[in-house]
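Here's the structure, in structure tokens; my notes come after.
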Amino acid sequence: MVRTAERTEKHSGYILRAYSNLHIQQSANIRPLNAQVCAWSYQNRSEVATSLAVMTEPNIARSLAPAPPGFQRRPSAEPQRQRKNISTACTACKARKWKCTGSAPCNNCVRSNTECIIDELSDNRRRLGLKRKLEELTEDKKLLVQLVETLRYSSNEHVMRLLDLIRNKSASLDEIKDYFDGKVTDSEFDTTPELQEVHDRLEARASRRSSRRLLDVTWLSNIPVVEVPAHPWTTVTDDDGLVSFLISLWLTWNHPFCNWIDRDLFIRDMRSKNTNCTFCSPFLVNSILTKASFYCDYPEVLDDVNDPESKGMHFYREAKELFERQDGRITIPTIQGYATLLTSTALIGKDRLVWLSLGQLGRMVADISSSHLPMQLNSDENKRVEGRAIDNTIWGVYNLTAMFSTIFMKPLDLKKPLRPRLPSDHDDEDVSVVAWNPYPRHGDDQPSHLACVFNSLSKLNELNVEATRRLLKDESRKAMSRPDIEIVVSSIFPRLQAWTISSPAYSSFAETCVESALQIAQMIRLYRSKWSIEFISGTAVYWVSIALFVLLDDLENPSNRRAFIDLCSVAMALSKQWFLAKGILRMLQITAKQMRVSLPPETEPFLQDFDSDMWRQERGRRRLSSAFPNFSLLFQRVTGAGGGLNDPIDLDKYLEKLDNFSKLEDLSRLEIAHSPPVTPS
DNA sequence: AAGGACACGGACTACATCAT
DNA sequence: ATGATGTAGTCCGTGTCCTT
């Protein structure tokens, strides 16, 4: 800088003198430089310059115009006179490419009566200018990240507001920043019909979103809930970051509902990297990573990068191999991993295998129960914690088995575990409350209520086991008279109402079913508005499907219709993640056709896509081995309400029989005896 | 037709950084 | 401290359009 300043100083004296003379010439004209003056200057200024040079400095011989192409300066004994640029021109002169005097207001701005702004910080040659530019770019990048995250993870209502701001209110970037900073109040929004339409389309398309993440901001700014090592737990990947990401996803979105694995002990042992520990094993880790892969869109979780259905299958394969190598040795992680693996197996459409494996799982639990007696209250803290984890695993397997029994409508003679439930984490100060937030989105921590959820689920499953056993005599799902059903329902339903707080009493069995389906739709709406369907637990496949079949019976009712549409779009989203959901959706489509139920037109666009793109191209039923029942047919059969007696009820067999027709319209020509839809009495 | 206003290609200069 | 170098800014000189 010093050097430059000196150099500039060295030249400034004679140059300024020369230019002040030129300005006498220019100021005689209205504009400093115009074609005519310039033309004159071009001819004469060299003479002026020369004479100036003679008069002032002997070495100034200035070329006033840019050299023509190919021009080469002749080597001369006389040094060329240098043009002097001012350091920073004002914004107006910059734009016009005029000579600026460099101090506000400059001559040109005075003459043209414009505002003269000289902003030295906008000069990107200077450190300060670069610093400011860097700050601006950093701010812009932050805004971009916020924008993408909002579009990706926020509720559609939130996205709609943002769209409103950008589209209808033409908000500037600063105003969008204000919105993110919470400086725009709710009252400043009023939704236009046009925007409502956009919102509706967004809702419909949410389920058809591409599974590829082309621009992943999350990963770059990602801090996992837990950091755990890949080695020595899996050979599929050595990427600790990916494994931490997957385990964090699983802990956030799946574990709260499958809480048969003690979170703290599992993480503690996984971090120890010791494969001889008590609460972690390579088999368990691979089972969890299989399940977690379904919540992730990175190519690393695909076994075959060209096959989106191969999510987590490399972890699945390794888990199965590890299980086979265990040679019947039963440990706590073996049971936990096996239960976890079965949930994935079911959701990829192989629940017949799961059904057969439940017996094996039960025997494992019996084995471990006999070797691990219920924990003693006088044990030391470590023993108590470990004992509680074992009790929890036993309850978890009970819950899982009860859930499958209920979903597949096949009764099992399940004994309630004689083990204590988890201590409540509401009031007990001794129990540390585990925080939960919607990872990978950032949100405020809130209590997870892990024990509370788990205990409630256990109580619910006790009711489920009893209901299934009393309603269905055996696995064949034999017919039962309508009055008998009503008696069982009236006995169990009040206890179910006591289990929930909000369920009002319903007068009939059918009304109970429909109201429950509407509540499921309501819960789904709540979930979607708070988080995102892509993170919902896989078990949602079951209860969303059951609700859809229930509502199929009475779509004339507007609230049923609305709930059906919502659930249908959710089923589409789930079918991208879980193969079983694809099969169930197909079954629903064919059943509706069989029952001659016309589906709401709002569901047509995505059901048509599903029919042509997702189902027919894959011929998916060949990959299914599922006993998930067709609830419409099952209901008709167990109540003796007529029709559909000749059709198989299990998903795989149903599709095998009825999915062979290239067009669903063909179904109407089939000679299958079907009664009109069963209407609630 | 004359002259003013404006746009802009590209020669030239300012600035920061690096090597010596 | 000085010179070489790369990048970004300045503005000369010319062409075109519009107004008087």
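Throughout, protein chains are lettered first and strands after them, A, B, ... in sequence-line order, and every chain is numbered starting at 1. Everything quoted here is computed from the prediction, not taken from an experiment.
Shown here are the side chain to side chain contact (heavy atoms under 4.5 Å, CB included) partners of Arg96(A), two or more places apart in sequence or in another chain: Ala92(A), Trp98(A), Thr114(A). Remark: Ala571(A) pairs with Val544(A), Leu548(A), Leu585(A) by the side chain to side chain contact (heavy atoms under 4.5 Å, CB included) rule, at least two apart or across chains. Residues passing the salt bridge (Lys or Arg N to Asp or Glu O under 4.0 Å) test with Asp119(A), sequence neighbours excluded: Arg132(A). With sequence neighbours left out, the side chain to side chain contact (heavy atoms under 4.5 Å, CB included) criterion links Thr91(A) to Ile117(A). Every side chain to side chain contact (heavy atoms under 4.5 Å, CB included) that Ser537(A) has, sequence neighbours left out, goes to Asn254(A), Phe257(A), Tyr295(A), Thr539(A). Scanning for ring-ring contact (aromatic ring centres under 6.0 Å, His included) contacts around Phe283(A) gives Phe323(A), with sequence neighbours left out. Residues meeting the salt bridge (Lys or Arg N to Asp or Glu O under 4.0 Å) test with Asp303(A), sequence neighbours left out: Arg317(A).
The overall bend of the helix from dA1(B)-dT20(C) to dT20(B)-dA1(C), read as the angle between its terminal helix axes built from five base pairs each, is 20° when rounded to 10 degrees.
As rounded to whole Å, 20 Å separates atom P of dC17(C) from atom CZ of Arg96(A).
Between His255(A) and Trp250(A), the two ring planes are tilted [angle within 30° to 60°].
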Under 3.5 Å between N/O atoms: give me all the protein pairs with nucleotides 8-10 of chain C, atom names plus distance.
| unit_1 | atom_1 | unit_2 | atom_2 | d |
| --- | --- | --- | --- | --- |
| dG9(C) | OP1 | Asn124(A) | N | 3.2 |
| dG9(C) | O4' | Arg125(A) | NE | 3.3 |
| dG9(C) | O4' | Arg125(A) | NH1 | 3.4 |
| dG9(C) | N2 | Asn85(A) | ND2 | 3.3 |
| dT10(C) | OP1 | Ala89(A) | N | 2.5 |
| dT10(C) | O2 | Arg83(A) | NH2 | 2.5 |

